[in-house]
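Written below as structure tokens is the structure these notes are about.
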Amino acid sequence: MTKAPVPMAMAAAALVAVVAAVVEVAAAATYTVGAPDGLWDMQTDYAQWVKTKTFHPGDKITFTYSPELHDLVEVSEAGYDACSSANNVSASRTGNDVVTLAAPGTRYFLCGLTGHCDSGMKIRVDVVVAGGSAPGPAAAAAGPSSSAAAVVAPPSAWWAASSAGIAAISGAGLLLLQHAAVVIGRPLW
């Protein structure tokens, strides 16, 4: 019994999807807020901690804390400046809250318990595109523009657009499949 050959375009398309998923996952980072020396607590200097990090779309930040002592509230810039959790974006109290930074922009978090934010338990997280810089206050207030939307396309969109041309050329598609087999360590067919 002979196997029917897999059409080259289908195999190339499947490979491109796998490669795009791997690249997107590999590009994202996970940070524990305050680590390695602290957690989500009243002793950590979050302004200093965040200065050492560059956050990108797809990254995740984990807030680890005692739910009996603290909580996590995402707020607007005004709420952050006033240390107010009224009209919050979201609130959590699991003690292990994971937040995905899905898009460029600035996110604001604080502990909503009385006096904690005023004691420094708040953090501003600027999410930038690779090679970019944090948006200024005017850009953050204005929201995304149509030109910014084109710049911040996720890696999977870039791969999908680029791979359409590659899959159309059967010789390149075969080369891509052979390369992937080497990377994965086993034949794909």
Side-chain angles (χ1 to χ4, degrees), residues 20-21 23-160:
V23 168
E24 194 166 331
V25 169
T30 300
Y31 300 92
T32 299
V33 174
D37 300 325
L39 298 173
W40 188 234
D41 56 32
M42 293 177 64
Q43 290 76 41
T44 302
D45 181 348
Y46 298 106
Q48 186 60 37
W49 182 82
V50 81
K51 283 181 187 177
T52 66
K53 311 288 182 270
T54 302
F55 301 100
H56 300 286
D59 288 353
K60 295 179 181 185
I61 53 176
T62 302
F63 293 82
T64 304
Y65 58 93
S66 171
E68 294 82 24
L69 301 176
H70 305 293
D71 65 5
L72 175 67
V73 183
E74 183 170 4
V75 296
S76 66
E77 182 177 12
Y80 178 84
D81 291 340
C83 275
S84 171
S85 59
N87 302 317
N88 65 57
V89 175
S90 66
S92 302
R93 198 172 199 158
T94 69
N96 193 39
D97 304 320
V98 179
V99 176
T100 300
L101 305 172
T106 303
R107 308 272 297 266
Y108 303 92
F109 303 93
L110 54 83
C111 179
L113 276 66
T114 304
H116 291 203
C117 178
D118 290 321
S119 296
M121 203 169 168
K122 65 181 188 174
I123 187 169
R124 170 190 165 145
V125 176
D126 292 315
V127 183
V128 299
V129 293
S133 60
S145 68
S146 59
S147 62
V151 174
V152 298
S156 59
W158 179 85
W159 276 96

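Everything numeric in this text was worked out from a predicted model, so none of it was measured. All values below come from the heavy atoms of this structure, side chains included, with hydrogens, waters and symmetry mates left out.
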Trace of the side chain to side chain contact (heavy atoms under 4.5 Å, CB included) decision for V99 with L72: CA-CA 10 Å; V99 176; L72 175 67; 4.2 Å; yes
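With sequence neighbours excluded, no residue satisfies side chain to side chain donor-acceptor pair (under 3.5 Å) with Q48. Remark: N88 pairs with no residue by the side chain to side chain donor-acceptor pair (under 3.5 Å) rule, at least two apart or across chains. Applying the side chain to side chain donor-acceptor pair (under 3.5 Å) test to Y80 and every residue at least two apart in sequence or in another chain returns nothing. Residues satisfying the side chain to side chain donor-acceptor pair (under 3.5 Å) criterion with S66, sequence neighbours excluded, are E68. Legend: residues meeting ring pair (Phe, Tyr, Trp, His ring centres under 6.0 Å) with F63, ordered by chain and number and at least two apart, are W40, F109. When the side-chain contact (heavy atoms from CB on, under 4.5 Å) test is applied to N96, the partners found at least two apart in sequence or on another chain are T62, T64, T94.
Listed by first and then second residue, the salt bridge (charged side-chain N to carboxylate O under 4.0 Å, His left out) pairs involving residues 52-64 amount to none (not counting sequence neighbours). Every pair tested for disulfide bond (SG atoms under 2.5 Å apart) that includes a residue from residues 47-76 fails, sequence neighbours excluded, so the list is empty. Each ring pair (Phe, Tyr, Trp, His ring centres under 6.0 Å) pair with one or both residues in residues 112-131, not counting sequence neighbours, appears once here: H70-H116. Pairs of residues two or more places apart, or lying in two chains, that qualify as disulfide bond (SG atoms under 2.5 Å apart) and include a residue from residues 98-128 are C83-C117. Contacts classified as salt bridge (charged side-chain N to carboxylate O under 4.0 Å, His left out) and involving residues 104-115 (residues at least two apart or in different chains) are given here: E74-R107. Within the structure, the salt bridge (charged side-chain N to carboxylate O under 4.0 Å, His left out) test picks out no pair touching residues 30-52 (sequence neighbours left out).
L113 has its side chain within reach of R93: a pair of non-hydrogen atoms, C-beta onward, lies under 4.5 Å apart. Between T106 and R124 the shortest side-chain heavy-atom distance falls below 4.5 Å.
Taking the six-membered ring where the residue is Trp, W49 and F55 present tilted rings, their angle falling between 30° and 60°.
Taken to the nearest 0.5 Å, the CG atom of L110 stands 11.5 Å off from the OH atom of Y46. Atom CG in D81 sits 6.0 Å away from atom NZ in K122 (nearest 0.5 Å).
Of all heavy-atom pairs between S85 and V73, the closest is CB-CG1, 3.8 Å. Scanning both residues, G58 and A28, for their nearest heavy atoms gives O-CB, 3.3 Å. Nearest heavy atom pair, residue P57 against residue A102, reads CB-O, 3.6 Å.
Looking only at distances, a side-chain donor or acceptor of T44 sits under 3.5 Å from a matching main-chain atom of L39. Here the side chain of S84 pairs a donor or acceptor atom with the backbone of A86 at under 3.5 angstrom.
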